[in-house]
Amino acid sequence: MAANQFDLVVLGAGPGGYVAAIKAAQLGLNVACVEREPALGGTCLRVGCIPSKVLLESSEKFAEARHDFARHGIKLGAVELDLPAMLRRKDAVVAALTKGVEGLFKKNRVTRYTGHGRLAGPGRVIVEGQDSTVELAAKHILIATGSKPAPLPGVAVDGDRIGMSTEALSYPEVPGHLVVIGAGYIGLELGAVWSRLGAKVTVLEFLPRILPGMDSEIAAEAQKIFTRQGLEFRLGTRVTAARAGQHGCRVEIEGTEAVECDRVLLAVGRVPYTENLGLDTVGITPDETGRIPVDDHFATSAPGVYAIGDVIRGPMLAHKAEEEGIACVERLVTGHGHVDYDTIPGVCYTHPEIASVGRTEDQLQKEEVRFRKGVFPFLASGRAKTLGQTEGRVKVLADADTDRVLGVHILGPRAGDLIAEAAAAMAFGASSEDIARVCHAHPTLSEALKEAALAVTGPAIHL
Ligand SMILES: Cc1cc2nc3c(=O)[nH]c(=O)nc-3n(C[C@H](O)[C@H](O)[C@H](O)COP(=O)(O)OP(=O)(O)OC[C@H]3O[C@@H](n4cnc5c(N)ncnc54)[C@H](O)[C@@H]3O)c2cc1C
């Protein structure tokens, strides 16, 4: 095979692209992965999941030390914030993980090209690097170019005072007053970070609720907790403009007074990224939302061209992109590959965390599915008491006739880890009785899921 000829060329090295590239190489394909950025890992590792979780952890420790340690009988002197050190730790974690992907590419013999990749007709990819341009010949091409933050008309993003999530991961000082536009998980997580570090945070949301898509009962309870923690919510609020001036920013709101603040974080969603990708050279037309249309096996309308991750339909989540990458290349090599979209968990890493898998109560009601509901509050969990983290609850929703679990929603400590058991059970088609009959270690937070499962068909033991 000529040097620039590959079985598979992957465009983009985010969770979708890099995982697909590694898996394809493990299945015996000769694989290249093209990435514009010097660091591998995509949005998730560079400016998404990982840096946000680092700051959430550090800011949580800071808030605990200031407000919570005394309750445990631990007296500290003055607790001080060293923001540059906190940001350096975040950068170090990101650097270690992106380097790790580089190592995995080497280990699995994935050839990496640094530059902007674009399609140039069937089986052809052109990579424009800093100093040179190369052409690759590919039997199969996988588009995994991801997404970018959505703009909002009237909001003049300057990449400094008025920015997106990437800027909010690196503010050089704690803002006096931060306005977050959008109460989705990115706005809430980053709002929580700066609020814990001392900022006044106001969250403006167009909808009458936070966390659209999550179970509304759980979201309402979370909103009460976040309000107690100091976040100010203004729901049903339409932002019409935002501008940075010399002494701060001004956010205009429909029908009421403008808000003055130091910084604005625009977090109203993300849109697929397909700029200068040469889609027209193979006859692919994005849909009205900008996403690349694909069939059940990730094939686009162009023969030999596939797409996965944020650039196609479905939730914009790292693990969703990964699963699609695996399923897509497995099908290429073995003829089989499948993603179970009914059991993809979603997690918001605030404190407490919010995690969800399957259908919400709102969806089941709308679809007129007869269901039963079991709820267990962390207030009644021995482990939660020992941690001093008793806010929230577990909610299990099961089919009223078959008892099959249709959805699990958790607001509480480490909900993101707890949801894995629910996802596994649902992937195996479990009933609530199946979960309730599994022996859970005591005392653990996982017992709350067992008790909520018990509560679906009868009384829980500890309530
Ligand atoms: C602040 C924030 C926090 C998040 N937290 C979480 C979380 O906790 N959990 C979670 O599951 N998800 C989270 N996400 C979402 C997650 O980052 C995305 O769902 C995930 O990165 C999508 O993976 P992907 O591979 O489709 O695309 P991306 O990760 O966006 O990767 C695409 C890559 O392609 C490259 N690229 C694009 N076009 C080209 C081209 N033409 N040539 C070469 N390279 C190109 C880009 O540079 C990029 O590196 C978060 C996102 C943000 C912004």
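Both counts, for ligands and for their atoms, begin at 1 and track the order of listing.
- In this structure, Arg112 does not pair ionically with Glu35, as no charged nitrogen and carboxylate oxygen lie closer than 4.0 Å.
- Between Phe6 and Tyr113, the angle of the ring planes goes over 60°, which puts this pair in the perpendicular group of the 30/60° scheme.
- A salt bridge does not link Lys90 to Glu57: none of the charged nitrogens lies less than 4.0 Å from a carboxylate oxygen.
- Remark: the Tyr18 side chain and the Glu102 side chain contain no N/O donor-acceptor pair separated by less than 3.5 Å.
- Protein residues having at least one heavy atom under 4.0 Å from any atom of ligand 1 are Gly12, Ala13, Gly14, Pro15, Gly16, Gly17, Val34, Glu35, Arg36, Glu37, Gly42, Thr43, Cys44, Arg46, Val47, Gly48, Cys49, Ser52, Lys53, Gly115, His116, Gly117, Ala144, Thr145, Gly146, Ser147, Ser165, Tyr185, Ile186, Arg270, Tyr273, Leu277, Gly309, Asp310, Met316, Leu317, Ala318, His319, Ala321, Tyr349, listed by chain and number.
- For the residue pair His409/Thr360, the side-chain donor-acceptor check at 3.5 Å is not satisfied.
- With salt bridges taken as basic N to acidic carboxylate O contacts below 4.0 Å, one links Arg118 and Glu128.
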